[in-house]
Structures are given as structure tokens and as C-alpha cells.
Amino acid sequence: MTVGFLGLGVMGRPMAANLVRAGVDLVVWSRTDRGDTPPGATRVAEPGEVFARAEVVILMLATEQAIDSVLPAGLNGTVVVHMGTTSPEYSAALGARIQAAGGRYVEAPVSGSRGPAEAGELVAMIAGEPEDLSRVRPILAPLCRQVFECGPVPGGLLMKLSVNTFLISLVTGLAEAFHFARGHGVDADLLRQVLDAGPMASAVSRGKGGKIADGDFAVQAAIHDVLKNNELIVASARRRGIPSPLLDVCRDLYAAAAASGHAEADMAAVVHAFPERTH
């Protein structure tokens, strides 16, 4: 089976590389060429070539507009696997469009940033028809530590937004803890050690706490991407009449961090938004 992969960004490039290492015959395309084609993959000039050559095509694209721009008019049975994060409503409509064009559709958003993507330890939340999920599962194996089935579309993206509600709240709370500590002269590295030793420690708190303490904001999950996810969560909550008080505040903080020049930095850089807040 030939697999296609569209989008070689922060997450897509290591994911594509893991597929090649697993022996997958991979055809790739990305809007920009930064010399990031994984060794062993075949890079083509146009997204249409990927759809023409592959039986399963993975989309790891940043926006709904980017997805719209690459879809061909006819799909002839191609299984399209949407692994990025969009609104659930968009995904449901996308699935209907793909089916109308003769294709099959699977949602497979993932939890995890660049580090887990490089290690093949993402967590996937898949949704779609059972026979399509069965076909896609083996392809996801080199990318994911675990795969959870979430029912029909858009169950995968609803689960992803639920997970990200906790993630964004967690990292923002962690950033405020360091901001509070520094305001009182508490040593940031000592705070990191105490947190790492305690019951609240997690891979996320250790990773992001270390970044804040060290002032290392090399990107794992960028502020602009987290802001997009936050806005999706808030919008989805509004449509269902669900209050989202924590995420409303988080959205403002990530927007402030992006506006002050940290859009491309890791999400831990949200700590820079706190000094700009007024009481």
C-alpha cells in the first residue's frame, strides 16, 4: 500500500519520518520546502499527485483553508485521514464532501507535541466507519502509543478538544505558578524541583515547567497553534451553550502572548503574558 502525507510542519515531519522508518511506501507534499523531506519518502510537486498515487492520504495541515485547497474533485475510494485540529463542524462537513467525491473519511487527531511525535508516542482519537478505522489502524501504529476509537465523526475532534481543554488549563496554571513565585522572589528552579517531586507531576508539568524555569521556549507546541485550539474550544462551547470560564481567560492570555511577539514560541511562553495583565 502507498500512503500519502500532506504537511511537513513541526508535527508532520517527524510523523512522516516514523512512517518511512516503519517501511511504509510514502509519498509526501508540503506547501514549503525547507529540505525537510524524510529520507526514503518520495516528494511530489503538487498535492494532486499524492492523491493520484496513494490509497490512504494523511492530512496534517494547519488550517481548514489549507485542507480545502488540496482536496481533489474525485477520490476513487481513497481513504482520507484528517490528523490535524479543526472545528468538529468543519470535520463533519469535510467527511460528507469526501464521501460525495467517492472517498472514505477518518478523523484521527492526536494528543502530543513534537517530542512525542518524534518518539512515535502520540495518542490518536479516531472516528469514522468501522471498516475504515480497521484499515487505518495499522498505519497509525508507527506514530502512536495508543489509539482510541471515538465513534462516528466528529467524535474524534470532540474528544481532542476535550483533552486540549485540560492541557491548556494545565499549562496556563503552571505558568501562573511560576509568575507568582517570581513575584515573591521564590527560586524558579527550586519550584520546578518541588513540583517534579510532588503528586501533581506529569510529563507535561516537567517539560513545560523546565522550559519556564530555564527560559527555553524552543517550540514543541507553538503559541499560535494553542491559541487556535483554544478558540475552537470556546467557539464549540458557545454553540452548545456550555460555559468555558477557564478557557475564556486562557484565550486572552495566549492572544496577548502572540501579540507581544511570542506566536512562534512554545506554549510555555504564555508566562510572558502575565506581567501585562492589570489587576
Is Arg114 salt-bridged to Asp266, cutoff N-O under 4.0 Å?
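No, Arg114 and Asp266 are not salt-bridged.
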
Thinking salt bridges, do Lys160 and Glu107 make one under a 4.0 Å N-O criterion?
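Here Lys160 does not pair with Glu107 in a salt bridge, since their nearest N and O are not under 4.0 Å apart.
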
Take a 6.0 Å sphere around CG of Asp187 and say whether it holds more than 12 heavy atoms from other residues, nucleotides or ligands.
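More than 12 within 6.0 Å, yes.
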
Hydrophobic cluster identity match, [X] and [Y], side-chain contacts under 4.5 Å:
X      : Y      : answer
Met15  : Val10  : no
Val3   : Val20  : yes
Val163 : Ile233 : no
Leu75  : Val79  : no
Val226 : Phe274 : yes

Looking at [atom1] of [X] and [atom2] of [Y], how far apart are the two atoms once the value is rounded to the nearest 0.5 Å?
X      : Y      : atom1 : atom2 : value
Thr42  : Arg53  : OG1   : CZ    : 5.5 Å
Asp214 : Asp189 : CG    : CG    : 7.0 Å
Asp68  : Leu94  : CG    : CG    : 7.5 Å
Ile67  : Met60  : CD1   : CE    : 10.0 Å
Leu253 : Asp248 : CG    : CG    : 11.5 Å
Glu121 : Leu143 : CD    : CG    : 12.0 Å

By the definition side chain to side chain contact (heavy atoms under 4.5 Å, CB included), identify the one residue from Thr2, Leu19, Asn18 that meets it with Val24.
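For Val24, the side chain to side chain contact (heavy atoms under 4.5 Å, CB included) test succeeds with only one of Thr2, Leu19, Asn18, which is Leu19.
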
Taking ILVMFWY side chains as joined if any heavy atoms are under 4.5 angstrom apart, and letting links pass through other members, which residues group with Leu191?
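Answer for Leu191: Leu174, Phe178, Leu195, Met200, Ile212, Phe217, Val271.
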
Side chain proximity check, [X] to [Y], heavy atoms < 4.5 angstrom:
X      : Y      : answer
Leu246 : Ile168 : no
Asp225 : Tyr254 : no
Leu122 : Met11  : yes
Thr85  : Leu157 : yes
Lys211 : Gln220 : yes
Val123 : Arg145 : yes
Ser87  : Glu64  : yes
Val80  : Arg104 : no

Where the side chain of [X] meets the backbone of [Y], is there a donor-acceptor pair that is under 3.5 Å apart?
X      : Y      : answer
Ser236 : Leu232 : no
Trp29  : Phe5   : no
Arg251 : Glu231 : no
Lys228 : Ala62  : yes

Which class fits the ring pair His82 and Tyr90: parallel under 30°, tilted 30 to 60°, perpendicular over 60°?
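Geometry flag for Tyr90 against His82: perpendicular rings.
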
Closest approach of [X] and [Y], non-hydrogen atoms and distance?
X      : Y      : answer
Ile223 : Ala269 : CD1-C, 4.1 Å
Val81  : Ala108 : CG1-CB, 3.7 Å
Ala257 : Ala273 : N-CB, 4.0 Å
Leu59  : Phe51  : CD2-CZ, 4.3 Å
Ser169 : Leu247 : OG-CD2, 3.4 Å
Ala201 : Arg206 : CB-NH2, 3.5 Å

List the steps, then state whether salt bridge (Lys or Arg N to Asp or Glu O under 4.0 Å) holds for Arg135 with Asp132.
CA-CA 5 Å; Arg135 190 173 182 189; Asp132 297 328; 6.0 Å; no

Test side chain to side chain contact (heavy atoms under 4.5 Å, CB included) applied to Leu158 and Cys150, step by step
CA-CA 9 Å; Leu158 287 170; Cys150 300; over 6 Å; no

Distance-only donor-acceptor check, side chains Arg31 and Ser69, under 3.5 Å:
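Arg31 vs Ser69: donor-acceptor pair found between side chains.
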
For the pair Leu133 and Arg137, evaluate side chain to side chain contact (heavy atoms under 4.5 Å, CB included) and give the outcome as yes or no after the intermediate values.
CA-CA 6 Å; Leu133 301 186; Arg137 264 185 172 273; 5.5 Å; no

Check the pair Arg43, Asp33 against side chain to side chain contact (heavy atoms under 4.5 Å, CB included), reporting the backbone distance first and the verdict last.
CA-CA 10 Å; Arg43 187 174 189 127; Asp33 187 351; 3.7 Å; yes

